[in-house]
Amino acid sequence: HTEVVASIKSRDEILAWLFGVLGFLQLFEHSRTRSYRPLVLATVLFLLAMFCKEGSAAFVLVAPLMLYFFTRDDIGTMARAAVPPGAALVAYLAVRTAVMKAVLFNQPLASYNNALVAANTFADRLATRFAILGKYVWLLVCPRDLTWDYSYRHVSIVSWDDWRPLLALVFYLAILMLAVTGLRRRSEVAFGILFYLITLAPASNFFFLIGATMGERFLYVPSLGFCLATGVLLVRWFAARRSGTAGARVRLYGAVGVLLLLYGGRTLARNRDWKDNLTLFTAGVGVSSNSARAHGALGNQLALRGQAELDPARRAADERASFEQYTTMVALNSEDPEGWSSLGTMQMAVGDSGAAIRSFHEALSREPRLAKALTNLGVIYFRRAMLDSAAYFFEKSVAADSLSVEALGDLGAVHLVRGSARAALQYFDRALRLEPFKPNVLANRRKAYLLLGDTMSANASVGPASLNPQ
């Protein structure tokens with residue numbers, strides 16, 4: 001779980017599970033004391049878990065199962081155990097609806113976010129779903145090839161003539177049958193299987209599509225079920241509980257020690273990939289070589305390093321390497337507007353404005369409101385002194401993203417060059433309300449005041465620039 005621990009974004013996974021565990025402990029406290037105070041605390045804790053991660057809604061099913069398997073409570077007590085997560089889910093959905101105006105996201109998904117969108121038939125989509133579920137099991141057993149990105153085309157669309165979905169289907173049917181048969185005996189293995197299936201379901205893409213194909217972080221909570229079932233099976237295999245012999249215990253501890261060394265060593269090795277963004281994305285391209293997004297992310301990091309590089313030769317080398325990554329990104333997935341926009345940005349950096357214009361138009365043909373592409377087109381035309389065209393694209397960019405400081409400042413610059421100082425000041429002021437210490441906007445605002453003959457305001461406008469911490 002290096003991704004969950006090392007990635008700032010995955011704090012949601014850790015906190016959701018922490019609040020969930022605390023909520024489950026309160027349910028066990030209610031089972032022991034029959035007090036209603038733990039139920040109230042559990043409701044609050046489950047609500048916090050859902051605010052952290054909406055997949056925590058699966059706890060509604062897990063809670064009564066835990067009491068069924070690990071207590072001897074009656075049906076009424078187990079039913080009450082479902083009330084706290086259920087009430088938390090209702091409250092969460094009410095808040096979500098009030099804020100988002102919808103329970104589910106209604107934006108169309110694209111294949112570069114979720115590879116399943118690229119499936120042409122229901123049969124292929126179902127086969128790919130099972131192939132992904134099989135990949136999750138393989139990651140738990142053999143976490144060799146780890147990557148931050150499992151998007152299109154690292155995860156490819158498969159059909160039922162491929163052995164992978166067939167094997168996954170057989171495996172999941174087998175463990176489901178094992179779980180069902182273990183229900184009456186209240187088998188710990190059965191609980192581990194059901195916990196794994198239930199907590200993986202919200203992010204599995206099996207019942208509904210989400211904004212990602214798959215991810216290692218989605219295994220964080222479900223892996224508890226895998227670990228529980230594996231531990232119980234190991235104990236049973238070595239008969240440590242039944243015989244109690246020293247030899248059986250030594251064999252058990254030896255097996256566990258080997259597992260800890262193998263998985264612990266893999267964790268330490270993977271931690272090195274998370275040193276910084278550049279090392280992470282470089283490792284990602286090595287594993288997800290067919291992923292357009294992985295190449296794009298590495299291209300972004302190389303471009304950023306090039307911008308900060310003082311040595312012209314090294315800067316040029318980073319720009320060439322970045323350009324290669326963006327070119328590969330577009331070749332792997334030509335439908336991603338971000339890819340075309342990033343490629344155009346790098347073409348601008350190397351001075352090929354004609355190719356950049358073509359790339360930005362490719363991006364806009366797929367996403368007409370992509371503010372970055374609109375702004376960069378305006379910059380190219382501004383540099384060519386084609387002010388009408390520049391103003392057109394800057395205005396479109398501001399309409400697409402009214403909080404874009406760059407577009408607002410650039411649009412003000414167009415008016416300033418045209419001699420419309422008052423119009424320019426309106427855009428400069430809007431930009432500075434968003435980013436008060438933007439140096440180029442402050443400098444241009446000073447020019448606008450000088451053009452109006454307002455020397456006092458011009459001198460005052462340069463004051464905040466000296467306070468810019470950068």
Side-chain angles (χ1 to χ4, degrees), residues 1 4 11-95 175-176 178-202 219-236 239-242 244 249 252 256:
H1 293 306
V4 169
R11 295 294 185 271
D12 58 352
E13 302 281 354
I14 296 175
L15 287 172
W17 183 223
L18 174 62
F19 288 128
V21 168
L22 294 174
F24 290 135
L25 289 175
Q26 291 300 317
L27 294 183
F28 281 118
E29 180 67 13
H30 168 71
S31 172
R32 185 180 65 85
T33 65
R34 294 299 190 268
S35 168
Y36 284 92
R37 180 174 178 272
L39 292 180
V40 176
L41 290 175
T43 302
V44 175
L45 290 164
F46 285 129
L47 180 59
L48 290 173
M50 291 176 196
F51 280 144
C52 292
K53 188 78 175 180
E54 57 193 5
S56 303
F59 296 160
V60 174
L61 298 177
V62 172
L65 273 178
M66 292 189 80
L67 293 188
Y68 172 77
F69 276 92
F70 301 112
T71 70
R72 290 297 180 264
D73 289 336
D74 54 37
I75 297 298
T77 303
M78 287 185 282
R80 285 196 297 273
V83 172
L89 178 60
V90 171
Y92 168 76
L93 292 177
V95 174
I175 64 171
L176 185 60
L178 183 61
V180 171
T181 55
L183 272 173
R184 172 170 288 185
R185 294 182 288 107
R186 306 192 188 207
S187 163
E188 299 98 330
V189 173
F191 174 79
I193 293 171
L194 292 173
F195 183 92
Y196 168 79
L197 294 175
I198 291 171
T199 54
L200 182 61
L219 279 175
Y220 182 66
V221 173
S223 66
L224 174 67
F226 170 81
C227 293
L228 175 62
T230 303
V232 171
L233 289 173
L234 277 174
V235 170
R236 290 179 180 176
R241 291 191 306 181
R242 290 195 298 270
R249 291 186 181 278
L252 173 64
V256 172

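Taking all atoms of both residues into account, the shortest heavy-atom contact from Ala81 to Ala63 is O-CB, 3.5 Å. Between Ala16 and Ala49, the closest heavy-atom pair is O-CB, 3.5 Å. Closest approach of Leu15 to Cys52, counting heavy atoms only: CB-SG, 3.7 Å. Nearest approach of Met78 to Leu67, heavy atoms of both residues: CG-CB, 3.9 Å. A pairwise comparison of heavy atoms in Val4 and Arg11 identifies O-NH1, 4.2 Å as the closest pair. Annotation for Gln26 and Ala42: closest pair CB-CB, 3.9 Å, computed over non-hydrogen atoms.
Atom-to-atom distance recorded for Leu219:CG and Leu224:CG is 12.5 Å, nearest 0.5 angstrom. Separation of atoms CG (Leu183) and CD1 (Ile193) is listed at 10.0 Å; rounding is to 0.5 Å. A distance of 9.5 Å separates CG in Leu18 from CD1 in Ile14, rounded to the nearest 0.5 Å. How far CG of Leu22 is from CG of Leu48: 9.5 Å, rounded to the nearest 0.5 Å. Within the model, atoms CG of Leu61 and CG of Leu197 stand 11.5 Å from one another, a figure rounded to the nearest 0.5 Å. To the nearest 0.5 Å, the span separating OG on Ser56 from CD on Glu13 amounts to 8.5 Å.
Note: Phe51 and Phe19 fail the aromatic proximity criterion, with ring centroids not under 6.0 Å apart. Ring pair Tyr92/Phe46: centre-to-centre distance not below 6.0 Å.
Salt bridge status for Arg34 with Asp73: present, with a side-chain N to carboxylate O gap under 4.0 Å.
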### Stepwise side chain to side chain contact (heavy atoms under 4.5 Å, CB included) check, Leu93 with Met50
CA-CA 9 Å; Leu93 292 177; Met50 291 176 196; over 6 Å; no
### Query
Run the side chain to side chain contact (heavy atoms under 4.5 Å, CB included) check on Val221 and Lys53 step by step: do they pass?
CA-CA 11 Å; Val221 173; Lys53 188 78 175 180; over 6 Å; no
### Query
Does the side chain to side chain contact (heavy atoms under 4.5 Å, CB included) test come out yes or no for Met66 and Leu27, once each step is laid out?
CA-CA 9 Å; Met66 292 189 80; Leu27 294 183; over 6 Å; no
### Task
Start with the C-alpha distance between Leu25 and Leu45, add both sets of side-chain angles, then the distance that settles side chain to side chain contact (heavy atoms under 4.5 Å, CB included), and finish with yes or no.
CA-CA 10 Å; Leu25 289 175; Leu45 290 164; over 6 Å; no
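Taking the side chain as every heavy atom from C-beta outward, Arg32 and Thr71 never approach each other to under 4.5 Å. Within the 4.5 Å cutoff, the side chain of Phe195 has no heavy atoms near those of the Leu228 side chain. Side-chain contact check for Val83 versus Leu39: every heavy-atom pair is 4.5 Å or farther apart. Side-chain contact between Arg186 and Tyr68 is present, with at least one heavy-atom pair separated by less than 4.5 Å. In this structure, the side chains of Val95 and Leu47 stay at 4.5 Å or more apart for every pair of heavy atoms.
Checking side-chain atoms of Arg80 against main-chain N and O of Ser31 turns up no donor-acceptor pair under 3.5 Å.
Aromatic ring pairs are classed by plane angle as parallel below 30°, tilted from 30° to 60° and perpendicular above 60°; the pair Phe59 and Trp17 is tilted.
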